[in-house]
Amino acid sequence: MTAPNERWPVVVVGGGQAGLSMSWHLSRRGIDHLVLERDRIGHEWRDARWDSFCLVTPNWQCQLPGFPYTGGDPDGFMVKDEIIRYVEEYAASFHPPVRTGVAVTALVREPGRPFAVHTDKGDLLADQVVVATGGYHEPIVPRFAERLPAGITQLHSSRYRNPHELPAGDVLVVGTGQSGAQIAEDLHLAGRRVHLAVGRAPRVARFYRGRDVVAWLSDLGYYDMPVTEHRLGVGVRENTNHYVTGRDGGRDIDLRAFAAEGMRLYGRLEDAKGDQLQFAADLAANLDHADEVSESIKNTIDKYVAAEGFAAPEEPRYTPVWRPGPDHPRSLDLLAAGVSTVIWCIGYRPDYRWIELPVFTGRGYPTHYRGITGEPGLYFLGLPWQHTWGSGRFSGVARDAEHLGGVIAGQFAARLDGAAPRSDRLINAVALGS
């Protein structure tokens, strides 16, 4: 590694919406800084999403700092190209100091020294560092995928683009989080026969009693609830998001309806041996759980409407259109069924191995309180449920960036005043809220 030849008050790692939001608040405070982006602005939206991808939250929730959505369809859902344009136009609106095509390879610090930021384009020093790379880094593919027949095409959801690029034949989609449910729908609408391994992901109705459910939840304060007040505490960070879609103006994703139309549903995928797959006997329970979550949200909305006296139209509750029978298949012969492709939609794991500092849990997740770690001057931004439900989204990252901007400015002010940074207080806060 080369010797660092430049030093910055703040280095922000990552030039996505989180890193750009951090840059906006640092610029507003007059704090000199540098943003390092390994690819280009909008990379994840451009290169890791399928062609028909769209937001599942309405456009009015796009509230990047200093750049709220001002288009003509606030209740609509941006499609992929619109999302990329929104992020690019945001960057152009204030010209952040971004260096693209620079990958950070290591972050280290010796006691009493500034951070050493090693990159593939040279090294530099930083007094404070904000890691704004999100929490989704390494695509998860189970090891038993190695045992599938060599002729089966396998890809992670991040590499799926559209039905027409896949080989002819049936498609097995594994996982029913937001990606799995929406990709299964994309294939189903294109006329492909889909086999879907259904997990425990919850679902939510798109609309209820005359409004988008997101609007009801926003009024109820769900997007403002701190993680420390959630009934699961920081455990909620492990939860899978509810599946729903903004496609074609927004609608429910009803896996039961897909099954009635010919999609083959199975329980959670348990094992694979050659062309033989085995599934758990939990399909009915998983479908029931998803419905129960959706209906419980409607119950909450009903109570809110009644308590506030709103004039909201009544709406009949959901009635299941399909149920698996007691002898529903728990196995699948890939070759006999004509399955040509398996798409793994079971998420990502964080990868912070390049950060050589003791700020992680045993599972590799950053230990922090509102993005503040026990390593003075090191922060995280854009994590799921970093502070609220909206933290990892367009709706809440601005608030988190503003908070960290104040903390970073306070650290510099303390040094100028000759006082030691309040690392003891920050470490205590992390211990309480990680």
Side-chain angles (χ1 to χ4, degrees), residues 54-63 74-77 176-182 185 198-247 249-257 282 284-321 323 383-400 433:
C54 62
L55 295 180
V56 299
T57 51
N59 296 334
W60 57 262
Q61 274 211 333
C62 294
Q63 297 287 331
D75 295 317
F77 306 88
T176 49
Q178 288 183 354
S179 294
Q182 291 176 59
E185 180 192 45
V198 179
R200 287 281 291 176
R203 73 179 186 91
V204 63
R206 177 79 274 168
F207 303 103
Y208 183 60
R209 300 195 69 172
R211 299 179 75 198
D212 193 306
V213 169
V214 169
W216 286 120
L217 294 177
S218 179
D219 288 351
L220 283 159
Y222 274 69
Y223 295 100
D224 297 322
M225 179 193 300
V227 65
T228 50
E229 294 181 12
H230 194 280
R231 62 182 180 83
L232 297 178
V234 296
V236 72
R237 292 171 178 157
E238 303 292 331
N239 280 8
T240 302
N241 283 324
H242 308 66
Y243 59 83
V244 69
T245 184
R247 187 167 178 159
R251 57 171 173 261
D252 294 8
I253 290 183
D254 186 350
L255 302 184
R256 297 182 191 271
D282 59 1
N286 291 345
L287 292 172
D288 287 345
H289 169 72
D291 291 343
E292 288 165 4
V293 172
S294 180
E295 294 305 292
S296 71
I297 293 171
K298 293 178 182 178
N299 291 340
T300 300
I301 294 170
D302 285 343
K303 292 177 182 178
Y304 178 61
V305 169
E308 299 296 328
F310 293 130
E314 296 287 341
E315 183 175 325
R317 287 303 189 90
Y318 173 76
T319 301
V321 297
R323 293 184 183 277
L383 298 174
W385 272 101
Q386 176 164 312
H387 177 54
T388 66
W389 197 5
S391 286
R393 311 180 185 199
F394 285 127
S395 62
V397 69
R399 172 169 43 198
D400 293 346

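Here the structure is a predicted model, which is why all the values come from computation and not from measurement. The residues of the chain are indexed from 1 along the displayed sequence.
In this structure, Gly177 and Thr240 approach most closely via the heavy-atom pair CA-CG2, 3.9 Å. Looking at every heavy atom in both residues, Ala205 comes nearest to Ser294 through N-OG, 3.4 Å. Of all the heavy atoms in Ser391 and Leu383, the pair that sits closest is CB-O, 3.5 Å. Nearest heavy atoms, Leu55 versus Cys62: CD1-SG, 3.7 Å. The two residues Val227 and Val234 come nearest to each other via the heavy atoms CG2-CA, 3.8 Å. The minimum heavy-atom distance between Val305 and Ala312, with the atom names listed, is CG1-CB, 4.1 Å.
Both tests hold for Arg211 against Trp216: distance to the six-membered ring centre under 6.0 Å, angle to the ring axis within 45°.
Contact annotation: the side chain of Val293 never approaches that of Val204 to less than 4.5 Å [non-hydrogen atoms, C-beta and beyond]. At least one side-chain heavy atom of His242 sits under 4.5 Å from a side-chain heavy atom of Pro202. With contacts defined as side-chain heavy-atom distances shorter than 4.5 Å, the pair Arg247/Cys54 qualifies.
Annotation: the span from Asn239 atom CG to Arg200 atom CZ amounts to 11.0 Å, rounded to 0.5 Å. In this structure, Asn286 CG and Asp291 CG are separated by 11.0 Å, a value rounded to the nearest 0.5 Å. The structure places CH2 of Trp389 at 9.5 Å from CE of Met225, a figure rounded to the nearest 0.5 Å. Summarising the geometry, atom CG belonging to Asp75 is positioned 11.0 Å from atom CD belonging to Gln61; distances are rounded to the nearest 0.5 Å. Residue Glu292 holds its CD atom at 11.0 Å from CG of Asn299, rounded to the nearest 0.5 Å.
Judged as a salt bridge (charged side-chain N to carboxylate O under 4.0 Å, His left out), the pairs with a partner in residues 301-315 (not counting sequence neighbours) are, in order, Arg209-Asp302, Arg209-Glu314, Asp302-Arg317. Pairs passing the salt bridge (charged side-chain N to carboxylate O under 4.0 Å, His left out) check and including a residue from residues 385-400, sequence neighbours excluded, read Asp224-Arg399.
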List the steps, then state whether side chain to side chain contact (heavy atoms under 4.5 Å, CB included) holds for Val213 with Phe207.
CA-CA 5 Å; Val213 169; Phe207 303 103; 5.8 Å; no
How far apart are the C-alpha atoms of Tyr223 and Leu217, what are their side-chain angles, what is the distance that settles it, and do they pass the side chain to side chain contact (heavy atoms under 4.5 Å, CB included) test?
CA-CA 7 Å; Tyr223 295 100; Leu217 294 177; 3.8 Å; yes
Set out, in order, the CA-CA distance, both residues' side-chain angles and the distance that settles side chain to side chain contact (heavy atoms under 4.5 Å, CB included) for Val244 and Ile253, then state yes or no.
CA-CA 5 Å; Val244 69; Ile253 290 183; 5.6 Å; no
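Annotation: salt bridge (charged side-chain N to carboxylate O under 4.0 Å, His left out) contacts of Arg323 (sequence neighbours excluded): Asp288. Under the rule for a ring pair (Phe, Tyr, Trp, His ring centres under 6.0 Å), the partners of Tyr304 that lie at least two apart in sequence or sit in another chain are Phe310. Looking at residues two or more places apart in sequence or on another chain, you find no ring pair (Phe, Tyr, Trp, His ring centres under 6.0 Å) involving Tyr208. Partners of Ala285 under the side-chain contact (heavy atoms from CB on, under 4.5 Å) rule, at least two apart in sequence or in another chain, do not exist in this structure. Contacts of Phe77 classified as ring pair (Phe, Tyr, Trp, His ring centres under 6.0 Å), with partners at least two apart in sequence or in another chain: none. In terms of the side-chain contact (heavy atoms from CB on, under 4.5 Å) criterion, residue partners of Asp254 (sequence neighbours excluded) are, by chain and number, Arg256, Ala257, Tyr318, Val321. In terms of the side-chain hydrogen bond (donor to acceptor under 3.5 Å, both in side chains) criterion, residue partners of Glu185 (sequence neighbours excluded) are, by chain and number, Arg251. In this structure Asp252 satisfies the side-chain hydrogen bond (donor to acceptor under 3.5 Å, both in side chains) test with no other residue, sequence neighbours excluded. For Tyr222, there are no ring pair (Phe, Tyr, Trp, His ring centres under 6.0 Å) partners, not counting sequence neighbours. In this view, Asp212 and Arg206 satisfy the salt bridge (charged side-chain N to carboxylate O under 4.0 Å, His left out) rule, not counting sequence neighbours.
Remark: aromatic rings of Trp385 and His230 are close, center separation under 6.0 Å.
A donor-acceptor pair under 3.5 Å is absent between the side-chain atoms of Gln182 and the main chain of Thr245, judged by distance alone.
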